[in-house]
Number of protein chains: 2
Amino acid sequence: MDIRQLEYFLAVVEHQGVNRAAQHLHVAQASLSQGIRQLERELKLSLFHRTGRNLVLNPAGQLLVEPARKVLGDLVAAQDIMRGARELQVGSVTIGTMPEMSSEAVAAWSASFTSLYSEIRIELLEFPGARELCDEVLAGHCELGFTTFPVPTENLERVELGDQRLLLVMPPGTATPDAPFELRRLEGVPLVVSNSAPRENDIVASMLRRESVIHWSGRRCRTGTRR
Amino acid sequence: MDIRQLEYFLAVVEHQGVNRAAQHLHVAQASLSQGIRQLERELKLSLFHRTGRNLVLNPAGQLLVEPARKVLGDLVAAQDIMRGARELQVGSVTIGTMPEMSSEAVAAWSASFTSLYSEIRIELLEFPGARELCDEVLAGHCELGFTTFPVPTENLERVELGDQRLLLVMPPGTATPDAPFELRRLEGVPLVVSNSAPRENDIVASMLRRESVIHWSGRRCRTGTRR
DNA sequence: GTCCCTTACGCTCCGCGTAACCATC
DNA sequence: GATGGTTACGCGGAGCGTAAGGGAC
């Protein structure tokens, strides 16, 4: 039993005859007749009464009408979904993130993407580090990932989105050197940091950690999105 | 988009790879690969991430999984129904009747048929006369009809089911001739007849009518099936 | 090397159309 | 004759398998 055969069958039923159905399907009458015969042969079951003039459904044929409509209906539904996906109207994008990545870039990208393709769902996956993130992108579990340079693989396409500038805000009167500020000078300094990153998804914290700077968490405040 | 292509697609998804899916489908690996490529070409849409090793669904592919399952599921449902019809497990038979036909033969046939094929539904259509009944059977709207001889067409297959004997019950003391009883002798005689035949679906009434016998309906009683 | 997917290439068979045939009206 | 369905037959293309190619590990 085939899609084509079911289409032929329903066309004959709906147009009450091979001739009219063939005109509607733009195939030769003989081809349609053959198709129906072939279907009946495969099913080992007659579907129509042959009464000289027109073809009339017999009980077995009547049993097939609704199931056939259902199959064809589901098929066009699937085709509609695929057309939507092709025209970027529906679907989803899975993107990977990592703790050391600032969420601002991801949020900005998501916002602009959503404004363009409002029906595309964005799935977020977070990985421990750039290595794992790139592995997952390579394995095909994410379409793309946001990470920091250097990217730990050569086989991925990379787009530089920009530099992110961080501002250190200090109390009035603090000595501000002209030379680049050394993170080491924050050793032991109480800092206002985010507490909304249970998995340390905070670029400042991870940078300080990389520099082995111990800071005293003087006061925590909420930042980022509130749930 | 084709049944075969959807089967191939789901097999690759479920077995996570062309190779294993091909073994399961008993086709060559290359044929399966071709089939998937062809499907993607038709849809103008990539369905898998090609990441060197295995094939992994991409978002468009994920969108197709459930619709494809639905199409194939409905298809096997249709095939099941057809198998049932072939094995006379489900389905229906439409039979035609006519007023002058005694319902006893129909009932007896229905009972024996139902005891053999309990899942086959019997549809009853009643027509004004043998002429109309035979036309409908010829047109394919009934599979068979119960009628009385002579059948008013040569193009139908006929099976004689038997003779139906009718008994005339008379008051004690009535003269009973040895010769065949003439219906004309019932002229004006009060008869107990059925009142359950609003459309005169009564073999006695129609026989008397054919003989132009006027009888006085002395008393009516219920016969046949009570609703 | 192994593993897995893809491409190339012939072959077979299915389904199409043309044309002839048959039946009914 | 007109209409409508079936059968006969040759052709083209779709899909298969074999074999070779290519990338990842």
Side-chain angles (χ1 to χ4, degrees), chain A residues 1-9 11-43 46-58 61 131 134-141 152-157, chain B residues 1-9 11-43 46-58 61 134-141 153-157:
Chain A
M1 198 157 19
D2 200 351
I3 293 294
R4 188 186 46 82
Q5 289 174 320
L6 293 181
E7 283 173 346
Y8 282 9
F9 170 72
V12 170
V13 171
E14 279 157 15
H15 297 93
Q16 298 179 8
V18 175
N19 218 335
R20 278 180 293 277
Q23 289 171 14
H24 201 259
L25 290 173
H26 303 293
V27 293
Q29 183 205 38
S31 304
L32 225 177
S33 182
Q34 276 184 131
I36 297 290
R37 297 296 263 198
Q38 176 62 21
L39 176 60
E40 291 181 322
R41 216 170 303 138
E42 282 179 24
L43 294 175
S46 157
L47 298 172
F48 295 92
H49 289 296
R50 263 83 175 177
T51 65
R53 213 92 174 127
N54 279 324
L55 269 67
V56 181
L57 276 177
N58 70 11
R131 159 61 53 198
C134 291
D135 284 348
E136 290 298 305
V137 173
L138 280 171
H141 297 136
T153 178
E154 296 299 317
N155 299 327
L156 289 173
E157 209 167 317
Chain B
M1 198 157 17
D2 199 351
I3 292 294
R4 188 186 46 81
Q5 290 173 319
L6 293 182
E7 283 173 344
Y8 282 9
F9 170 72
V12 170
V13 171
E14 280 157 17
H15 297 94
Q16 298 179 7
V18 174
N19 218 335
R20 279 180 293 275
Q23 289 171 13
H24 201 260
L25 290 173
H26 303 294
V27 293
Q29 183 206 39
S31 304
L32 225 177
S33 183
Q34 276 186 130
I36 298 289
R37 298 296 263 197
Q38 177 61 21
L39 175 61
E40 292 180 323
R41 215 171 303 139
E42 283 179 25
L43 294 175
S46 157
L47 298 173
F48 294 92
H49 290 297
R50 263 83 174 178
T51 66
R53 215 100 174 120
N54 280 324
L55 269 69
V56 181
L57 276 178
N58 70 11
C134 290
D135 285 348
E136 290 298 304
V137 174
L138 279 171
H141 298 135
T153 177
E154 296 299 317
N155 299 328
L156 289 173
E157 206 167 319

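Side-chain atoms are counted along with the backbone in the values below, which use heavy atoms only and exclude waters and symmetry mates.
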Rounded to whole Å, please give me the gap between [atom1] in [X] and [atom2] in [N].
| X | N | atom1 | atom2 | result |
| --- | --- | --- | --- | --- |
| B:Leu25 | D:dG17 | CG | C1' | 15 Å |
| A:Gln29 | D:dT7 | CD | C1' | 12 Å |
| B:Leu55 | C:dC4 | CG | C1' | 9 Å |
| B:Met1 | D:dA14 | CE | P | 18 Å |
| B:Arg4 | C:dC13 | CZ | C1' | 14 Å |
| B:Gln38 | C:dT7 | CD | P | 12 Å |
| B:Asp2 | C:dC14 | CG | P | 15 Å |
| B:Arg41 | D:dG15 | CZ | P | 10 Å |

Using atom types as modelled, flag every donor-acceptor pair under 3.5 Å from a side chain in residues 21-39 of chain A to any protein atom, sequence neighbours excluded.
unit_1, atom_1, unit_2, atom_2, d
A:Gln38, OE1, A:Arg41, NH1, 2.8
A:Gln38, NE2, A:Glu42, OE2, 3.3

May I ask you to evaluate whether [X] reaches the phosphate of [N], defined as a side-chain N or O under 4.0 Å from OP1 or OP2?
| X | N | value |
| --- | --- | --- |
| A:Ser33 | D:dT6 | yes |
| A:Arg37 | D:dG5 | no |
| A:Arg50 | D:dT6 | yes |

Answer with base, sugar-phosphate or nothing: what part of the nucleic acid does B:Gly17 contact at a heavy-atom distance below 4.0 Å? sugar-phosphate
Contact class for A:Phe48 vs. all strands (heavy atom < 4.0 Å): base, sugar-phosphate, or nothing?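 No contact.
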Can you confirm whether B:Gln16 is buried at CD, in the sense that more than 12 heavy atoms of other residues, nucleotides or ligands lie under 6.0 Å from that atom?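 Result for CD/B:Gln16: open.
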Under 3.5 Å, is there any donor-acceptor pair linking the side chain of A:Ser31 to the base of C:dG15? no
Listed pairs, N/O of protein and of nucleotides 10-12 of chain D, under 3.5 Å:
none

So which nucleotide from [options] ends up closest to the side chain of [X]?
| X | options | value |
| --- | --- | --- |
| B:Asn19 | C:dC4, D:dG17, D:dT7 | C:dC4 |
| B:Val18 | D:dT6, C:dT6, C:dG15 | C:dT6 |
| A:Ala30 | D:dT6, C:dC16, C:dT7 | D:dT6 |

So, is the end of the B:Arg4 side chain (NZ or CZ) under 6.0 Å from the ring centre of B:Tyr8 and within 45° of the ring's axis?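 So B:Arg4 does make the cation-pi contact.
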Do A:Phe9 and A:Leu57 have side-chain heavy atoms sitting under 4.5 Å apart? yes
Between B:Leu43 and B:Met1, the two heavy atoms sitting closest are CD2-CE, 4.2 Å
What pairs with A:Asn58 under side-chain hydrogen bond (donor to acceptor under 3.5 Å, both in side chains), at least two apart in sequence or on another chain?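 Only A:Ser46 meet the side-chain hydrogen bond (donor to acceptor under 3.5 Å, both in side chains) criterion with A:Asn58.
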Nearest 0.5 Å, what's the CZ-CD distance between A:Arg20 and A:Glu14? 13.0 Å
